[in-house]
Each structure stands twice: as C-alpha cells, then as structure tokens.
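Index from 1, following the sequence. Scope of the values below: all heavy atoms of this structure, side chains included, with no hydrogens, waters or symmetry mates.
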Amino acid sequence: MREAGSEKTKIQDEVLSYRLESQNRAKQIQTALKNAGFYKGQIYGKIGPQTKRAIKDFQKANKLNPDGVVGSKTWEELKRYLKN
C-alpha cells in the first residue's frame, strides 16, 4: 500500500525537475540567441516577449518557419551558438 504523502512528494519532485529543466533550456536558448546577435536582454531563463521576438528573428534569418517556437530544426541551428 502506498502512502499518499510519498506519492505527493514524488509528483512535486517531478514538477520541480521539469521546471528546472525548462528554465535551463530557456537559458540555453537565450545564450545562443545572444551569441548569435539576436538577443540583447538578460539571461534569466524565461521566454518572454523579447526572447520570443529574438527567436522569430533568428528563424527568419535562418530560413526557418518564424513561429517563435524552438522546435527541433530551430534548436539544431541554435545549438551551434552554444559551442565556444
């Protein structure tokens, strides 16, 4: 028999892990966009309007669909700007 508290803790841990992973990915996106010259803001890990605009501009410049979503094709292009 499972304890309700341990199940709740497991779910909370999973949510926290997802949020941290998501925040880290957002920081990577912002860093890559900054390195590529499309983002001038702070690297803080949230995709706000300024980051969204930079994503669209990056996509246009790289002949990708400028939807503001970092899908697999956009991410492949962005990752190049994370390497030093």
Q) Just wondering, are more than 12 heavy atoms of other shown residues or ligands nearer than 6.0 Å to CD in Gln12? A) yes
Q) Between Tyr44 and Gln30, what is the shortest heavy-atom contact and its length? A) N-OE1, 3.1 Å
Q | Nearest-0.5 Å distance, CD of residue Glu76 to OG of residue Ser72 | A | 7.0 Å
Q: Find the distance between CG (Asn65) and NZ (Lys73) and round it off to the nearest 0.5 Å.
A: 9.0 Å
Q) Do Val70 and Leu64 belong together in a cluster built from hydrophobic side chains that touch within less than 4.5 Å? A) no
Q) If you look at every heavy atom in Gly45 and Ala26, which pair is closest and at what distance? A) O-CB, 3.3 Å
Q.
Distance check, rounded to the nearest 0.5 Å: Lys52 atom NZ versus Ile55 atom CD1?
A. 6.0 Å
Q: Report yes if some heavy atom in the side chain of Asp67 is under 4.5 Å from a heavy atom in the side chain of Gln59; otherwise report no.
A: yes
Q: Using the test salt bridge (charged side-chain N to carboxylate O under 4.0 Å, His left out), find all partners of Arg53 that sit at least two apart in sequence or belong to another chain.
A: Asp57
Q: Treating Ile, Leu, Val, Met, Phe, Trp and Tyr as nodes and any side-chain heavy-atom pair under 4.5 angstrom as an edge, say whether Leu82 and Leu33 lie in one connected cluster.
A: yes
Q) Listed by chain and number, what are the side chain to side chain contact (heavy atoms under 4.5 Å, CB included) partners of Ala36, not counting sequence neighbours? A) Phe38, Phe58, Tyr81
(Q) Please enumerate all residues that pass side chain to side chain contact (heavy atoms under 4.5 Å, CB included) together with Lys27, with sequence neighbours excluded. (A) Gln23, Ile43
Q. With a 4.5 Å limit on heavy-atom distance, are the side chains of Ile29 and Thr74 in contact?
A. no
